[in-house]
Asker: 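The structure's right below; bear with me while I get my questions together.
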Amino acid sequence: MIPFDLAQFDEVGKGDYTASMIESSTREFLGKAGLEREGAALLLSRLYMRTDTSDRFSTFLGWAQVRFDKADIDVFTALGILQVICDVVKSGSSSQIQRESTRLFALAETIDRLQTFSSSSAIRKYRAKLLSRIAIRSLPSLTLGCQKRRLLVGGGIGDNRFVQQHDLEVPDEVENVLGHLFNALQDKDTVVRWSAAKGVARISERLPLDFCDQILETIMSLFSIHSIAAASLYDIPAIGESTWHGACLACAEMTRRGLVAQTRLAELIKWLSKALSFDLRKGSHSVGSNVRDAAAYVIWALARSQDSSTLAPFSQDLAQRLAAVALYDREIHIRRAASAAFQEHVGRNNLFPCGIDVLGKTDFYAVSIRRNAFLVAAPQVAQHKEYRIFLLNHVLDVTLRHWDPTMRELGSQSLRSICIENLDVLGPVVIQKATRILDSIDVSDLHGGLLALSEIAIAYHESRDYDSREVHIREIFRCLAHIPFDVLVGPRNAIVTATACRLISVTITLPELRPETTSIPQWRNIVDHGLKHRIPSVQEAAADAMTSQSLGTVLGAIDYSVHDNALLDAVACLLETVGPSAPLKANIEVRRNCYKAISRIISTVGVDIPRYLSTEVLASLFECLLNGLDDYSTDQRGDVGSWIRVACIQSLTTSIEVLTRNARTILPFRAYLPPSVLYSAVRGILKQGVERLDNVRQEAGECFLRLLYMPLPEVQDPTITSEVQGYDLHTLVEDLITRAKSNLTSNTTVLPVFQTFNVLLEGDALTEIFDDPVGSRSLHQLLDMVTRNISRIKSLPRIHECMKV
């Protein structure tokens, strides 16, 4: 506004005309619903803060008090009036505010008594602002040093320069304001709680230390209002969300201003640890995300206001809890807030164990996608032993009991990814704790416990510890006994029924299939109930349990020497299941088990194969296994086709060994194991030996060694001899040279040959042919190839290989 007296614009004989016209015309817009109300409030507040028109503020307060007393005012007008008053109280002169403080308090009390405005969050917010600003203006202002930092250590201030009026007598009005603000911290609307939290903190930093400490104690007492009668955090009523959120916001503002004494830090962190997992079920959703967000804000503020020595005793606990929230919270903004708090502590204090490494795995982008946070970032963080057990316990105690089924499913998959690295140690621990979850009466808990057991069973299937695998899988299968049968097949427990069927499908073993040795006699009844269920997803889970996951196990375990009439049907079923047009193509576990069943069938009838299987049937089985070596299926778990390839490598090796071992009784042997099939099998296994996955390469190498050291077949077929047709070093060199000469202009053909010769020459593998005339001639041919037209070659890799040779 203009920097000189408005009276200079008045006409002669019309005093204060300009100011009166501005005020009267602007008041008309205070009741508007749009931005004109904002502009009018700003103009009036600036008018009343001017030195030459400040006396008009008293008249405005009188007019506002009359309007509120008569309740002759609408919500928009009330908002406009409150905006004007709040701006003046914030930026007006101290003398002006102190002169009108009594009327301002009276106006705030009048607004509080009016029921008309009780439902308006905006009016309640401005009332909290007004009260806090009145109290702030009635207290001494802060010096520059105190505004910069006011750090309390052990109940006292670390620097005497920041001490301000310890013997200050706090007015009664300030205490009354604080009482109103404490109530506003429990308001149902976030904007009101946020304004109250800032007001409490701004008042506190102007008060003596003892008084400030009492305020913090009162704020933390809000946490216990709804916790006294609650057995656990999950028993707190939903209305407690507002109280906890307001208390967290107030603690955050107090912490950010350095108003938390070291003596209060342990109690504060105890409540924050609970607030980080505040998630209350309310109908089909939950409440509490704002509480967790505010708790992360408090911890973020702790890193900025407390020194390292103060936070050191709590660093391990804070690091573990923040990592768990950043990885396993349902809401994206909570995961990001926890990650930001973790980053602040690592950057400022460097107290968190493996802080830099963990921060790189839980940064803003890593935790933004829930699936990536659960299945990628969490297993990476769990590689650090300081976080592994805490994350496991968090998944078992919180995530698996979450109200959202998707969270429970992702949590169980994350649990498997963490345990797979050290399954021998972590597997039994998870089984024990997940079994205890099954003793609950909550359907969500039962679902989470069954999911965890199913995923651990899958982990044991993927492990290479064949000796203890079946023992643990049978132990998991027996865990079904912890849930009453009536609960498993309850009419409203479809999700439990489906998960129980899934658990059966991944843990069923041959002893459990037999009625006389099974540990859960009712498992068939569970599957039967699932097949008859009205919900398709339950039917599919039961079908998987009955015909999918256990299909290969069942067909491979049958003794076909006794039930020979079922053999051809079983083979046809297996071939149909793993064929390219199989209806269960998407179920990778089904096909893996069926491929394994093929070698079991051949092993079962291996002594007398011609009696049970014709050459055509056996050829189709080998063709099926060879096709499986080309399975590179992928899903969200990655290269799941590797499970098929490993199963086919094992089945091919076992089948060839069985046929070779029983060659004496197999006539004609060449028809049952043609050389082309054997060569194709060896080629396929060697190809898998250069795959990128370690477990595939290792399995291919082990199986190739089994074939390499396998004794020659004792055949009675006169068309086959046991003579070994050697393939010596001379033949290898000649074949390589012939291969290169077939297309000397193609680098794709020549480079691999030269690279192979370089490996042989560096390993002195060709030394024995140097003095041999045939070998010497071959080496001269090689030298001629690498030097021919060398000046015309433009390929740098080829030139390098030629130089090496």
Side-chain angles (χ1 to χ4, degrees), residues 622 626-627 629-630 632 645 648-649 652-653 656 670 673-694 696-713 719-805:
F622 273 112
L626 291 172
N627 291 335
L629 293 176
D630 296 325
Y632 290 89
R645 301 198 298 276
C648 291
I649 291 172
L652 278 170
T653 305
I656 293 172
R670 181 187 289 273
L673 185 59
S676 59
V677 172
L678 180 60
Y679 298 157
S680 298
V682 173
R683 278 199 305 269
I685 293 174
L686 287 175
K687 176 188 174 186
Q688 297 302 316
V690 294
E691 285 288 334
R692 60 184 180 86
L693 296 180
D694 294 344
V696 178
R697 293 200 304 271
Q698 181 174 350
E699 192 64 41
E702 292 175 356
C703 290
F704 182 74
L705 286 178
R706 287 166 56 187
L707 294 177
L708 190 62
Y709 294 117
M710 181 179 61
L712 294 175
T719 62
I720 298 180
T721 65
S722 296
E723 258 182 54
V724 179
Q725 296 180 357
Y727 188 83
D728 56 11
L729 191 57
H730 291 285
T731 310
L732 173 62
V733 172
E734 291 175 359
D735 287 348
L736 289 174
I737 292 175
T738 303
R739 172 67 176 168
K741 286 183 175 180
S742 64
N743 195 349
L744 279 174
T745 60
S746 173
N747 291 327
T748 306
T749 303
V750 175
L751 270 177
V753 174
F754 288 173
Q755 290 169 348
T756 304
F757 272 116
N758 279 322
V759 172
L760 295 173
L761 290 169
E762 289 173 359
D764 295 331
L766 302 181
T767 305
E768 61 183 71
I769 69 170
F770 284 167
D771 298 330
D772 183 82
V774 178
S776 178
R777 185 172 60 253
S778 299
L779 292 177
H780 278 88
Q781 292 178 2
L782 172 62
L783 184 61
D784 180 62
M785 280 194 300
V786 299
T787 57
R788 182 183 305 171
N789 299 325
I790 190 67
S791 60
R792 300 181 182 179
I793 299 177
K794 298 181 180 179
S795 172
L796 286 178
R798 181 166 177 174
I799 293 174
H800 289 161
E801 295 301 326
C802 291
M803 293 171 63
K804 290 179 182 179
V805 173

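Note: hydrogens, waters and symmetry copies are ignored here, and every other heavy atom, side chains too, is used.
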Asker: Taking side-chain contact (heavy atoms from CB on, under 4.5 Å) as the test, write out the residues that go with L686, two or more places apart.
Answerer: V682, F704
Asker: Give, for atom OG1 of T653 and atom CD of E702, the distance between the pair rounded to the nearest 0.5 Å.
Answerer: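 Reported value, rounded in 0.5 Å steps: 10.5 Å.
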Asker: Output the distance between atom CD (Q688) and atom CG (L693), rounded to the nearest 0.5 Å.
Answerer: 9.5 Å
Asker: Sequence neighbours left out, what passes side-chain contact (heavy atoms from CB on, under 4.5 Å) with R683? Give chain and number order.
Answerer: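 Result, side-chain contact (heavy atoms from CB on, under 4.5 Å) vs R683: Y679, S680.
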Asker: Going through the distances and angles, do L678 and F622 end up as a side-chain contact (heavy atoms from CB on, under 4.5 Å)?
Answerer: CA-CA 10 Å; L678 180 60; F622 273 112; over 6 Å; no
Asker: Report the distance from atom CZ of R706 to atom CG of L708, rounding to the nearest 0.5 Å.
Answerer: 13.0 Å
Asker: Which pairs would a plain distance check flag for residues 774-783, meaning a side-chain donor or acceptor within less than 3.5 Å of a matching protein atom at least two apart in sequence or in another chain?
Answerer:
| from | atom 1 | to | atom 2 | distance (Å) |
| --- | --- | --- | --- | --- |
| S778 | OG | V774 | O | 3.1 |
| H780 | ND1 | S776 | O | 2.8 |

Asker: What residues, two or more places apart in sequence or in another chain, satisfy side chain to side chain donor-acceptor pair (under 3.5 Å) together with T787?
Answerer: none
Asker: Can you tell me how far apart CG (L760) and CG (L766) are? Round to the nearest 0.5 Å.
Answerer: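 Reported to 0.5 Å precision, the distance equals 5.0 Å.
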Asker: Do L744 and N789 pass the side-chain contact (heavy atoms from CB on, under 4.5 Å) test, and can you show the C-alpha distance, the side-chain angles, and the key distance before you say yes or no?
Answerer: CA-CA 11 Å; L744 279 174; N789 299 325; over 6 Å; no
Asker: Are K687 and D630 ion-paired here, with the side-chain N under 4.0 Å from a carboxylate O?
Answerer: yes
Asker: Within the distance-only criterion (no hydrogens, no angle test), does the side chain of R697 pair as donor or acceptor with the backbone N or O of R692 below 3.5 angstrom?
Answerer: yes
Asker: Is there a side-chain contact (heavy atoms from CB on, under 4.5 Å) between L729 and L732 once you walk through the steps?
Answerer: CA-CA 5 Å; L729 191 57; L732 173 62; 4.2 Å; yes
Asker: Give the minimum heavy-atom separation between V750 and A740, together with the two atoms involved.
Answerer: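 Minimum heavy-atom separation between V750 and A740: CG2-O, 4.1 Å.
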Asker: Strictly by side chain to side chain donor-acceptor pair (under 3.5 Å), give each pair with a member in residues 752-767 just once, sequence neighbours left out.
Answerer: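 Listed by first then second residue: N758-E801.
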Asker: Taking all non-hydrogen atoms of both residues, which atom of H730 and which atom of D772 are closest, and how far apart?
Answerer: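 Looks like CE1-OD2, 3.0 Å.
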Asker: Please enumerate all residues that pass side-chain contact (heavy atoms from CB on, under 4.5 Å) together with P797, with sequence neighbours excluded.
Answerer: L751, S795
Asker: Can you tell me how far apart CZ (F754) and CE (M785) are? Round to the nearest 0.5 Å.
Answerer: 5.0 Å
Asker: Show the nearest heavy-atom pair for residues I793 and R798, with the distance to one decimal.
Answerer: CD1-NE, 3.9 Å
Asker: Any chance you could lay out the side-chain contact (heavy atoms from CB on, under 4.5 Å) test for F757 and I737, step after step, and finish with the verdict?
Answerer: CA-CA 10 Å; F757 272 116; I737 292 175; 3.9 Å; yes
Asker: What distance separates K741 NZ from E734 CD, expressed to the nearest 0.5 Å?
Answerer: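 One gets 10.0 Å once the value is rounded to the nearest 0.5 Å.
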